[in-house]
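In what follows, a structure is listed as structure tokens, so that the remarks can point back to it.
Given the structure is predicted, the values throughout are model-derived calculations rather than measurements. Counting starts at 1 for both ligands and their atoms, in listed order.
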Amino acid sequence: MPRIRRVAIVGGTRIPFARSDGPYATASNQEMLTAAVNGLVNRYALDVPGVVGELVAGAVLKHSRDFNLARETVLGSKLDARTPAYDIQQACGTGLQAVIAAANKIALGQTESAIAGGADTASDAPLGVNDRLRRILLEARRAKSTGDRLKALAQIRPSHLIPEIPRNAEPRTGLSMGEHAAVTARAWGVEREAQDELAATSHQRLAAAYERGFFGDLVVPFHDLARDQNLRPDSTVEKLAALKPVFGTDGPDPTMTAGNSTPLTDGAAVVLLASEEWAEARGLEPLAYLTAYETAAVDFVRGDVANGEDGLLMAPAYAVPRMLARTGLGIEDFDLFEIHEAFASQVLATLAAWEKQGLAPVDRDRLNVAGSSLATGHPFAATGARIVATLAKLLAEREGPARGLISICAAGGQGVTAILERT
Ligand SMILES: CC(=O)SCCNC(=O)CCNC(=O)[C@H](O)C(C)(C)COP(=O)(O)OP(=O)(O)OC[C@H]1O[C@@H](n2cnc3c(N)ncnc32)[C@H](O)[C@@H]1OP(=O)(O)O
């Protein structure tokens, strides 16, 4: 068996995230991912044949033309065209799962370096063709004569022309992510004030991080944007308290608003991972090391959803305790925490679930200290790479050894978590 090697996070880049149907409305996943990859290539001089082992990336909302988005991105980027690439998809966990897949190969000595991440655009979402129309068109394409082709096409009815628009909803329940989160919020008794406070803090901390130049080397401008468009430095609890509820409005006292939920977002983010030897040979000091990861899933269709245990976005409540048990670590062993903010209520329910399982409370001063998805926005597949790059740099800024925990919930009832360390 090969010796397991330490996997270094060398750096990350992303384009500023934009609200959907805004400045990136005409940009494709491929263009955005290419811009993020080129940001890394420029920064670390990666336009040298053989220097990058492979690109692992994904998108949740993907056109059929992007059947291998990662490989097409390589071919359109400054990377050597001989760089292999493949796609990966685990909903909002995609970016982190791409990092994990790349890390596994480096750890096993199967490659020396890799780029991992993702892109998503709700502006350029793929529209599906009605199933009946698709079958008729395929039948017409297979027809051997013009007569047969016309006969096939004659079956088309006006109702077949209605496109299938992707919904931000779970196929098995028909509920949107927000509606699912509202059920969980109610089950855990998560209050509106606490959600608005978390959202305001996210905006204030992201603004402060931009202000002190933290994102200077992490964010590369794209389409005239230099920072996340969703960021509202003036977000206060008072302003957020004035917004009307948008999810869970069919029950009493709904608490979730546009301000304490992530907006639909376009963007891309990538991370450069490598063996220690690779980094050292190039004089690059790793920001941090990826030392553990875990995934979990909940049965949000038949499980204990009403009591909150198996809520759609609650899988990290299982993944994190498992990861801690496996590594022999406790919450108190971490300097920083990064919990993806799909919704403020889901962060608060996750924290409550960890405590219910006997984990120590997370110190809020160590949580999402440079802001998170409520402020940056959340282009589904890009979020994991954004978080890895942010946490790695935050750890690198600290004096001495430091450890950080990442927790990401994903559609489909899944959770992807990881530990980064600086020694
Ligand atoms: C695993 C996962 O990650 S699951 C998560 C996946 N992501 C999602 O499901 C996305 C969920 N989000 C959504 O569907 C939409 O963004 C919604 C429904 C929440 C809101 O959509 P919209 O109504 O279009 O939001 P919009 O941006 O217009 O905001 C509504 C109002 O709130 C205001 N607002 C929003 N955020 C803030 C803020 N931080 N501070 C102050 N006001 C705010 C807006 O200015 C707007 O005010 P106006 O009506 O006076 O213009």
- Item | Heavy-atom protein contact below 4.0 Å for atom 28 (O) of ligand 1 | no
- Note on the structure: re atom 9 (O) of ligand 1, the protein heavy-atom contact at minimum distance is N168 ND2, 2.6 Å
- Message: Checking a contact table here: which protein heavy atom is nearest atom 14 (O) of ligand 1, and how many Å away?
- Response: F247 CZ, 4.0 Å
- Query: Heavy atom under 4.0 Å from ligand 1: found in T383's side chain, backbone, both, or neither?
  - Reply: neither
- Query: Between the candidates A342, A181, A200, S235, which shows the shortest non-hydrogen contact distance to atom 39 (N) of ligand 1?
  - Reply: S235
- Closest non-hydrogen protein atom to atom 6 (C) of ligand 1, residue and atom name please, with distance? F380 CE2, 3.7 Å
- Query: Near R19, which atoms of ligand 1 are under 4.0 Å from a heavy atom of that residue?
  - Reply: 26 (P), 27 (O)
- Message: Check D120 with K62, please: is the shortest side-chain N to carboxylate O separation under 4.0 Å?
- Response: no
- Note on the structure: Among non-hydrogen protein atoms, atom 41 (C) of ligand 1 lies closest to R232 NH1, 3.3 Å
- Would you say atom 49 (O) of ligand 1 touches the protein, meaning some protein heavy atom is under 4.0 Å from it? no
- Task: Look at atom 16 (O) of ligand 1 and say which protein heavy atom is nearest, naming residue and atom and giving the distance to 0.1 Å.
- Result: P263 CA, 3.4 Å
- Message: Under 4.0 Å from a heavy atom of H378: which atoms of ligand 1 are those, numbered in the order shown and with their elements?
- Response: 2 (C), 3 (O)
- Query: With sequence neighbours left out, which residue pairs that include part of residues 24-45 fulfil the salt bridge (Lys or Arg N to Asp or Glu O under 4.0 Å) condition?
  - Reply: R43-D217
- Query: Which pairs with one or both residues in residues 246-273 pass salt bridge (Lys or Arg N to Asp or Glu O under 4.0 Å), sequence neighbours excluded?
  - Reply: none
- Is a salt bridge present between E211 and R205, judged by a nitrogen-to-oxygen distance below 4.0 Å? no
- Protein heavy-atom contact under 4.0 Å for atom 32 (O) of ligand 1? yes
- Item | Protein non-hydrogen atom found under 4.0 Å from atom 3 (O) of ligand 1 | yes
- Return yes when at least one protein heavy atom is under 4.0 Å from atom 36 (N) of ligand 1, and no when none is. yes
- Query: Is atom 46 (C) of ligand 1 close to the protein, meaning a heavy atom under 4.0 Å from it?
  - Reply: no
- Looking only at heavy atoms of M256, does any of them come nearer than 4.0 Å to an atom of ligand 1? no
- Message: Distance to the ring centre below 6.0 angstrom and angle to the axis at most 45 degrees; does that hold for R282 and W278?
- Response: yes
- Query: Counting distance only, does the side-chain N/O of E341 pair as donor-acceptor with the main-chain N or O of V347 below 3.5 Å?
  - Reply: no
- Query: Is K239 in polar range of ligand 1, meaning some N or O pair under 3.5 Å apart?
  - Reply: no
- Task: For the residue pair F380 and H378, categorise the inter-ring angle as parallel (less than 30°), tilted (30 to 60°) or perpendicular (more than 60°).
- Result: perpendicular
- Message: Would H340 count as a polar contact of ligand 1, with the cut-off being nitrogen or oxygen pairs under 3.5 Å?
- Response: yes
- Main-chain N/O of K78 paired with N38 side-chain donor or acceptor, under 3.5 Å: yes
- When distances are taken from atom 20 (C) of ligand 1, the protein heavy atom at minimum range is A258 CB, 3.7 Å
- Distance under 6.0 Å and angle within 45° of ring axis: R14 vs F17: yes
- Task: From atom 15 (C) of ligand 1, work out which of T262, T257, L243 has a heavy atom at the shortest distance.
- Result: T262
- Is A410 touching ligand 1 with its side chain, its backbone, both, or neither, if touching means heavy atoms under 4.0 Å apart? backbone
- Query: Does the cation-pi check pass for R6 over Y289, that is, NZ or CZ under 6.0 Å from the six-membered ring centre and within 45° of its axis?
  - Reply: yes
- Message: Before you tell me yes or no, could you show the steps for T417 and R322 under side-chain hydrogen bond (donor to acceptor under 3.5 Å, both in side chains), namely the whole-Å CA-CA distance, both residues' side-chain angles and the distance that decides it to 0.1 Å?
- Response: CA-CA 10 Å; T417 63; R322 211 148 76 195; over 6 Å; no
- Task: Would you please classify the geometry between the H180 ring and the F300 ring as parallel, tilted or perpendicular, with 30° and 60° separating the classes?
- Result: perpendicular
- Item | Flag, side chain of D66 to backbone of N68, donor-acceptor distance under 3.5 Å | no
